[in-house]
Amino acid sequence: MHSEVRNAKRFQQEVYALVRSIPVGKVTTYGTIARALGAPRHARQVGQALAGMSEDDDAPAHRVVNCSGVLTGEHAFGPPGTMRALLEAEGVTFREDGRVDMARRLWDPGPE
DNA sequence: AGCATGACGCCTA
DNA sequence: ATAGGCGCCATGC
């Protein structure tokens with residue numbers, strides 16, 4: 001157990017905590033989360049952290065999309081269409097092209 | 001140590 | 001508006 005791994009785990013926990021505060025009906029992005037955590041160049045690591053989430057985690061990871069409103073984490077929610085269904089059930093609206101309407105649904109906690 | 005991979009995002013044409 | 005190129009950085013082999 002090296003310190004690098006510990007830090008990665010702590011980062012992972014911080015990501016989950018922030019994801020848990022995303023309001024129902026809203027979405028945020030990997031980059032937005034990274035910035036909020038003071039690590040603006042770690043958008044990829046945010047995705048990595050979510051990929052490592054265990055089944056029983058309560059964090060609503062389906063509310064995290066990429067900066068274009070594309071559901072890039074869709075594959076982690078079982079059958080195709082599941083992630084979108086979860087979001088629509090919460091009132092998230094989609095554009096005709098299948099992307100989330102970011103202009104109206106983006107949630108940004110800002111730097112803390 | 002080097003190379004590939006990825007739930008990313010900015011810049012450019 | 002959008003597709004490609006490229007920078008970024010943790011992980012695994």
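A note on names: the letters A, B, ... follow the listed sequences, proteins ahead of strands, and every chain is numbered from 1. Treat the numbers as computed from the prediction; the structure is a model and nothing was measured.
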Query raised in the report: So which nucleotide from dA7(B), dT2(C), dC9(C) ends up closest to the side chain of Arg99(A)?
Result: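 Looking only at heavy atoms from C-beta outward on Arg99(A), the closest nucleotide is dT2(C).
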Query raised in the report: Choosing from dC10(B), dA10(C), dC9(C), which nucleotide comes nearest the side chain of Arg41(A)?
Result: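 The nucleotide sitting nearest to the side chain is dC9(C).
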Query raised in the report: Using a cut-off of less than 4.0 Å, is there contact between a side-chain N or O of Thr29(A) and OP1 or OP2 of dC8(B)?
Result: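 No, Thr29(A) has no side-chain N/O under 4.0 Å of OP1/OP2 on dC8(B).
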Requested in this report: Compare side-chain N and O positions of His42(A) against OP1 and OP2 of dC8(B) and report whether any pair is under 4.0 Å apart.
Outcome: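 No, His42(A) has no side-chain N/O under 4.0 Å of OP1/OP2 on dC8(B).
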Atom-to-atom span, [atom1] of [X] to [atom2] of [N] - whole angstrom:
X: Leu87(A); N: dA7(B); atom1: CG; atom2: C1'; answer: 13 Å
X: Glu74(A); N: dC8(B); atom1: CD; atom2: P; answer: 13 Å
X: Leu106(A); N: dC8(B); atom1: CG; atom2: P; answer: 16 Å
X: Tyr30(A); N: dG7(C); atom1: OH; atom2: C1'; answer: 19 Å
X: Leu71(A); N: dC8(B); atom1: CG; atom2: C1'; answer: 15 Å
X: Ile33(A); N: dA7(B); atom1: CD1; atom2: C1'; answer: 10 Å

Query raised in the report: When the nearest nucleotide of DNA chain B is assigned to Arg35(A) and to Gly73(A) on a heavy-atom basis, which residue is associated with the more 5' position?
Result: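 Residue closer to the 5' terminus by nearest nucleotide: Gly73(A).
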As an exercise, state the distance from [atom1] of [X] to [atom2] of [Y], rounded to the nearest 0.5 Å.
X: Leu86(A); Y: Glu74(A); atom1: CG; atom2: CD; value: 10.0 Å
X: Leu87(A); Y: Arg105(A); atom1: CG; atom2: CZ; value: 10.5 Å
X: Thr32(A); Y: Leu18(A); atom1: OG1; atom2: CG; value: 10.0 Å
X: Asp58(A); Y: Met53(A); atom1: CG; atom2: CE; value: 8.5 Å

Report task. Indicate the ring-plane relationship of Phe77(A) and His62(A), choosing parallel, tilted or perpendicular according to the 30° and 60° boundaries. Result ->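 Answer is perpendicular, since the angle exceeds 60°.
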Requested in this report: Output yes when a side-chain donor or acceptor of Lys26(A) lies under 3.5 Å from a complementary backbone atom of Arg104(A), and no otherwise.
Outcome: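 Between the backbone of Arg104(A) and the side chain of Lys26(A) there is a qualifying donor-acceptor contact (under 3.5 Å).
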Report task. Please say whether more than 12 non-hydrogen atoms of neighbouring residues, nucleotides or ligands are located less than 6.0 Å from CZ in Arg41(A). Result ->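 Not buried by this count: 12 neighbours or fewer within 6.0 Å.
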Review item, nucleotides 4-6 of chain B N/O atoms under 3.5 Å of protein N/O:
residue, atom, partner, partner atom, Å
dG6(B), N9, Arg44(A), NH2, 3.3
dG6(B), N7, Arg44(A), NH2, 3.2

Requested in this report: Select base, sugar-phosphate, or nothing to describe what Ser68(A) touches, counting heavy atoms under 4.0 Å on all strands.
Outcome: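 If one applies the 4.0 Å heavy-atom cut-off, Ser68(A) turns out to touch nothing in the nucleic acid.
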